[in-house]
Protein chains: 2
Amino acid sequence: MTDQQEQRQNRRIDPANCSMGRALSVVGERWSLLIVREALDGASRFGDFRARLGIASNLLSTRLDSLVAAGVLQRVPYREPGDRERFEYRLTEKGTDLRPTVIALLEWGDKYLADEQGPSVVVRHHSPEGSGCDEPVALVLQCAAGHTDLPPASVYRSPGPGARFLPA
Amino acid sequence: MTDQQEQRQNRRIDPANCSMGRALSVVGERWSLLIVREALDGASRFGDFRARLGIASNLLSTRLDSLVAAGVLQRVPYREPGDRERFEYRLTEKGTDLRPTVIALLEWGDKYLADEQGPSVVVRHHSPEGSGCDEPVALVLQCAAGHTDLPPASVYRSPGPGARFLPA
DNA sequence: CTCCTGGATTTACTATCTCAACTCAGGTGG
DNA sequence: CCACCTGAGTTGAGATAGTAAATCCAGGAG
């Protein structure tokens, strides 16, 4: 029996009982991750997002609301001098924790979909004003024993504490 | 002038000229990444995906086609004994390279959206049959100088070779 | 007062997704 | 030879999500 045949017959984790599916229900459509990307890059106001993304204002409105509802963004009042109170949308910790996801997509896009000139964006270590190394940053898969550079085949999904299985 | 104000006025990279946007045009809707997730976990046949994901067959059909067109999956004929020729969908390298994206979403979901019992899926190092460490695997942001555990604020986007800027 | 501006909401339209039913090619059993 | 089963789709009606454009609305500015 081949691996695949075996896998097909084994008790399988219910795919709906997967954090990735839930994650996608929050950020799994056209705009959410792009909004998060811009927020990670400093955008916070309605107009910032609108200008940077070219998103329709009604959609931006509903997406911002749903990201606030999901706890990814926080609605914070502000007031520019000589202007009325307005709101801006700041990333929560839950929001900034999407950075690896954004970077993973960015890296994949850079590898397979970039212009001939190369990637348009490079993520670097150390803040713009800071001193520091300024080296490019990458995501690395690493196991708890410290092994790194894991080839795809050496990584597998196993049931965790919250696993539910499919009926045989 | 605050950082944010400065950022708003500086020359900005055209957000459409970003690999992440392009990546999202390939895998940025409800099902593609779930299909890739199942494929990474061994699914390859129409019925595998259908049973595991509960996706409507027409959508699965079009999604598989578009993933093949995008080069994420490859359509390979096979024939079970006593059966006619059929096709299965195998990940290409471009497809398996989505693993970090899948894992990033999984980790985020585990942190914020898991059941009380904990995550349902743990990604581990070393294949099921193999000897080896069997330790859980995580994504780590690491810069080329070897710095790791980079706090969100110490990472920034800078223009790469293919950058296009927005008109001031 | 009236106009202007940023931040939305409304409306009308289109595209995409869901669910259910149907097709179609080949294999099997009678 | 023929009815029928199975896996892999296709078709079509209705719901959901996205797009573009117009409108609203609460302050300030003139």
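All of these numbers come straight from a predicted model, not from anything done at the bench. Letters go in sequence order (proteins before strands), and every chain restarts at 1.
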K.L.:
Could you state the CG-P distance from B:Leu53 to D:dA8, rounded to the nearest angstrom?
P.N.:
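Answer to the nearest Å: 15 Å.
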K.L.:
On a heavy-atom basis, which atom in B:Gly160 and which in A:Val122 lie closest, and how many Å separate them?
P.N.:
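Residues B:Gly160 and A:Val122, closest heavy atoms: CA-CG2, 3.7 Å.
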K.L.:
Please check this pair: side chain of A:Arg90 against backbone of A:Gln74, looking for a donor-acceptor N/O pair closer than 3.5 Å.
P.N.:
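It does not hold such a pair.
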K.L.:
Identify all side-chain donor-acceptor contacts of residues 143-152 of chain B below 3.5 Å with residues at least two apart in sequence or on another chain.
P.N.:
from     : atom 1 : to       : atom 2 : distance (Å)
B:His147 : ND1    : A:His125 : ND1    : 3.3

K.L.:
If the condition is salt bridge (Lys or Arg N to Asp or Glu O under 4.0 Å), which residues does B:Glu93 pass it with, not counting sequence neighbours?
P.N.:
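With sequence neighbours excluded, B:Glu93 shows a salt bridge (Lys or Arg N to Asp or Glu O under 4.0 Å) to A:Lys111, given in chain and number order.
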K.L.:
Rounded to the nearest Å, what distance is computed from the CZ atom of residue A:Phe87 to the P atom of nucleotide C:dA8?
P.N.:
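Checked: the CZ to P distance equals 8 Å.
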K.L.:
Can you measure B:Leu24 atom CG to D:dG18 atom C1' for me and round it to whole angstrom units?
P.N.:
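Rounded to the whole Å, the gap is 15 Å.
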K.L.:
Can you name the residues that form a side chain to side chain contact (heavy atoms under 4.5 Å, CB included) with B:Gln117, not counting sequence neighbours?
P.N.:
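Side chain to side chain contact (heavy atoms under 4.5 Å, CB included) check on B:Gln117 returns B:Asp115.
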K.L.:
Whether A:Trp31 contacts D:dA17 is assessed here as follows: a side-chain N or O lying under 4.0 Å from the phosphate OP1 or OP2. Is that the case?
P.N.:
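Answer is no, no contact under 4.0 Å.
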K.L.:
Taking side-chain hydrogen bond (donor to acceptor under 3.5 Å, both in side chains) as the test, write out the residues that go with B:Ser57, two or more places apart.
P.N.:
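Listed in chain order: nothing, the list is empty.
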K.L.:
How many whole angstroms separate atom CG of A:Asp48 from atom C1' of C:dA8?
P.N.:
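After rounding, the gap between these two atoms is 15 Å.
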K.L.:
Rounding to a whole Å, what distance do you find between A:Ile55:CD1 and D:dA17:C1'?
P.N.:
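So the CD1-C1' distance, A:Ile55 to D:dA17, works out to 12 Å.
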K.L.:
Have a look at A:Tyr89 and say if it touches a base, only the backbone sugar-phosphate, or nothing, with a 4.0 Å heavy-atom cut-off.
P.N.:
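The answer is sugar-phosphate, as A:Tyr89 gets under 4.0 Å only of primed atoms, P, OP1 or OP2.
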K.L.:
Under the side-chain hydrogen bond (donor to acceptor under 3.5 Å, both in side chains) test, which residues partner A:Ser61, sequence neighbours left out?
P.N.:
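Residues passing side-chain hydrogen bond (donor to acceptor under 3.5 Å, both in side chains) with A:Ser61: none at all.
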K.L.:
Just to verify, what does A:Thr101 make a side-chain hydrogen bond (donor to acceptor under 3.5 Å, both in side chains) with, not counting sequence neighbours?
P.N.:
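Result, side-chain hydrogen bond (donor to acceptor under 3.5 Å, both in side chains) vs A:Thr101: none returned.
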K.L.:
Can you list every salt bridge (Lys or Arg N to Asp or Glu O under 4.0 Å) pair that touches residues 63-75 of chain A, not counting sequence neighbours?
P.N.:
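Sorted pair list: A:Glu29-A:Arg63.
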K.L.:
Which pairs with one or both residues in residues 55-114 of chain A pass ring-ring contact (aromatic ring centres under 6.0 Å, His included), sequence neighbours excluded?
P.N.:
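Counting only pairs at least two positions apart or across chains, the ring-ring contact (aromatic ring centres under 6.0 Å, His included) contacts touching residues 55-114 of chain A are A:Trp108-A:Tyr112.
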K.L.:
Counting only non-hydrogen atoms, which of residues 59-70 of chain B are less than 4.0 Å from DNA chain C?
P.N.:
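Here the set is B:Leu59, B:Arg63.
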K.L.:
Looking at A:Arg50, does any N or O in its side chain come under 4.0 Å of the phosphate oxygens OP1/OP2 on D:dT19?
P.N.:
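For A:Arg50, the contact criterion (side-chain N or O under 4.0 Å from OP1 or OP2 of D:dT19) is not met.
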K.L.:
Report, one pair per line, the protein and nucleotides 22-28 of chain D atoms (nitrogen or oxygen only) whose separation is under 3.5 Å.
P.N.:
from   : atom 1 : to      : atom 2 : distance (Å)
D:dA26 : N3     : A:Arg84 : NH2    : 3.3
D:dG28 : OP1    : A:Arg79 : NH2    : 2.7

K.L.:
Write down the distance between CD (B:Glu80) and C1' (C:dA25), rounded to a whole number of angstrom.
P.N.:
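Answer to the nearest Å: 17 Å.
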K.L.:
With 3.5 Å as the limit, what N/O pairs link the protein to nucleotides 11-14 of chain C?
P.N.:
from   : atom 1 : to      : atom 2 : distance (Å)
C:dT11 : O4     : A:Asn58 : ND2    : 3.3

K.L.:
For a quick test of reading the model: is some side-chain N or O of A:Tyr78 closer than 4.0 Å to OP1 or OP2 of C:dG6?
P.N.:
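Checking A:Tyr78 against C:dG6: no side-chain N or O falls below 4.0 Å of OP1 or OP2.
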K.L.:
What is the distance, to the nearest angstrom, from the CZ atom on B:Phe46 to the P atom on C:dC24?
P.N.:
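Computing the B:Phe46:CZ to C:dC24:P distance gives 16 Å.
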K.L.:
The criterion is ring-ring contact (aromatic ring centres under 6.0 Å, His included); which residues satisfy it with B:Phe46, sequence neighbours excluded?
P.N.:
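In terms of ring-ring contact (aromatic ring centres under 6.0 Å, His included), with neighbours along the sequence ignored, B:Phe46 is linked to no residue.
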